[in-house]
Structure formats: C-alpha cells, structure tokens
Amino acid sequence: MLRPDPLAAVELVAILEEATSPLRHDVSNRLASVGNMAYFIRRKLGQAAADTDPRAATFLEQIAGEVQLTDTAIQSWLSRIHALRQSASQSSAVADCLRLAIEAARLPASATVEIAPGTNGARVAGDLETVAVALRCLIENAAEAQSARITLSTRVSQTGCTICVADGGPGIAEPARCLERFYTTKPGHLGLGLCVAKSVASRFGGSLAVQSSSTGAEVGLFLPLAAATGRPGEPS
Amino acid sequence: MNRLLFVEDDESNRVALAALLEDEGFKVDSTPSFEEASRLLRAASASYDAVLLDQTLSDGWGTNLIPLVRSVLPKAKVLVLSGTVVSPTTLDEADGALPKGVYFPDLVARLRRLLAEPR
C-alpha cells in the first residue's frame, strides 16, 4: 500500500498557483492596458466615433465589456485557487521543515540525504507544509541530478536563514533557464520544482539562489527569520 | 488639484492610466520602479495626496512602500492595484485595493471617495 503523501494537497495548490502565475501578472496587465486604452479612445472620440460609423462606438464599448468579463473570470479563478491555501501559520522551525521535507521526499533507493552539522532551532517566515514543499522540490531536484548524496545545510544570519541543498551531479545543463516555468530536460517532469521553491521564498519575503558547476549544483532557499519580518504572507 | 504618485512597472498600463487620470484633473507623477518611487517619496518636495501602487513591481513589492508613505506623507491615501489576491496584511495597511482591470470610472470614483475621507 502506498504511503500517503503529507504534502500532496499543499504541493498541488503550489503547482496550480505556479501554472497560473502568468495570469496574475502578465495577463492582468495586458487586460488593464486594453481596457484603459479603449476607454481613453472612446472618451476622446465621443460623438465623432458614432458619427463616423455607429458600430465604432459600439465596438469600443464592447471591448471594454469583454475586458471586464475576462478580468472578472480570471480573478474569480485565481481567488478560488488562492482559497485552497490551508495553513494559517506564519512561521515554522527550520528543523521541522527539513524533517518533513526529507520524510516526504520521493527519492530513489540509491539516494541518501545528509544534514550537515549546525542545523539549529531557527524559526523562519512561512508555514511548515509550504516551506517543506519548497524544500522537497529542491531535494527531489537534486536527486534527479543522479547524485547519490544530497547534502542539506543551513546558515543563519541576522535577518534570515539560508537552507542549502547541494548535489554532486554534473551541474545544471542550462542554468539561465532553470527558473523558467515548464522548462525541463527530464521526460515526464513538469519543470516547475525550482519555480515553486522560488515562489514560496518570494511569498514569505525570501529568495532563491542557484549555483551550478561541473561538480554539482547548490540551491539556497533564503527565508527571513520569523521575528525579523513584519510582512509575512505577501502574494507571489 | 490633487497630486498622485502612480507606481506601475508595466509601461503600457502606466501610460494609459496616467493619461486617463490626468484627464480627470489629477497631477500625476508616474514611475515604474520601487527604487524610483522611494526616491520620489523621500524628496523634500514630495506632496502627494494619494499613491497608487502596483502590488508586484519588477524590483520589489509595491506594497512594501506603504510604511514609507505613512512615514513621509501621513495624510496621503494608498490605493493598491493588484492582478492577484491581496493579502490581509496589505488590506490592513493600505486604504483600499482594487483589481488591475477595474473599470476606470470605478477607479476614479473610489479614488475621489478616498481623497474626501480624513486620514
């Protein structure tokens, strides 16, 4: 019997949010531009448009209406996905996030995960399951680099904690594209893992850094310390 | 004449909305970046009645400008324009939030109502 995945629901929402991310920013901007420009033209031309051809005024009005309908549909769709976020917790212990991510990671039997000495009890912004999903993405990504050993380490500064996931694989083939949504060199994969991790970091005020060489890749997930941020839960 | 600072990184949207707002009689300073907006807000001549903030800028969260607005222009209103769901934190800090695709007359009506309210 398959072991239930404790992160399945949170991961699914994260993937949905990642996949629809362009709607939130790029498409919304385009729609807003079209709507505002149509309104501007309609107001400037006024009666002149109707005099030239009554359909001109009608069509301009319809452009505004279509933009509104499309935007409303997108907002409604995104709101429904956003509402699937489950946790109200705003912080979590790094050690708990690491433990959950490792336990839930879907790794080949040949892969081993080691936690470097020094992991302490720092608390970071972000709820346990969401941070664990981000870490699991990084751990599984490292395992897919055909590295037998994955090393996790943490580095705490005054403002935050960086959790590094390192592998001993051949490095990332195209580092410039590794944060491009749906870009993958692995058949059967979505190409969203690193993007999900980056979005999780961004949502909680952190960041993601990727380093790659011929002897392996290292991805650092930086999250603000729980006490250092007054602005958790920003949208991503 | 009410003065607005409009922070929006999408050029097309920034130009169109600024033109519409100017036609409504507002004096609009617009900027695409978090950094430039910070500079404008910190300038000694800053005297904005309202700040329209795009939530997601290419160089930072627009909403992270709200504390600076409150600090340097305590009477200015902050209206957030967003393409996504606005967080509870932002709703608490801003004076209002609207979707980016809001119908322009609705945006102006909301802005005028905000400006008429005391802060």
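Lettering follows sequence order; numbering is per chain, from 1.
- Annotation for Arg155(A): atom CZ does not count as buried by contact number, only 12 or fewer foreign heavy atoms lying within 6.0 Å.
- The neighbour count for Glu35(B) CD, taken as heavy atoms of other residues, nucleotides or ligands under 6.0 Å away, does not exceed 12.
- The number of heavy atoms from other shown groups lying within 6.0 Å of NZ (Lys77(B)) is above 12.
- Heavy-atom neighbours of Glu180(A) CD from other residues, nucleotides or ligands within 6.0 Å: above the threshold of 12.
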Verdict with supporting geometry, Val15(B) and Met37(A), side chain to side chain contact (heavy atoms under 4.5 Å, CB included): CA-CA 9 Å; Val15(B) 170; Met37(A) 287 177 182; 5.9 Å; no

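- A 6.0 Å sphere centred on CZ of Arg43(A) holds more than 12 heavy atoms belonging to other residues, nucleotides or ligands.
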- Message: Set out, in order, the CA-CA distance, both residues' side-chain angles and the distance that settles side chain to side chain contact (heavy atoms under 4.5 Å, CB included) for Lys100(B) and Asn29(A), then state yes or no.
- Response: CA-CA 7 Å; Lys100(B) 274 208 164 171; Asn29(A) 274 333; 2.2 Å; yes

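- Looking at Asp71(A), only its side chain comes within 4.5 Å of chain B, counting heavy atoms on both sides.
- Between Tyr103(B) and Tyr39(A), the ring-plane angle classifies as perpendicular under the 30° and 60° cut-offs.
- For the options Leu17(B), Asp9(B), Leu107(B), Leu20(B), heavy-atom pairs under 4.5 Å to chain A are most numerous at Leu20(B).
- Scanning all heavy atoms of the two residues, the minimum distance from Val102(B) to Asn36(A) falls at O-OD1, 4.5 Å.
- Between chain B and the options Ser28(A), Ala83(A), Ser33(A), Gly35(A), the largest number of non-hydrogen pairs under 4.5 Å is found for Ser33(A).
- Going from atom CZ of Arg203(A) over to atom CH2 of Trp61(B) covers 10.0 Å, rounded to the nearest 0.5 Å.
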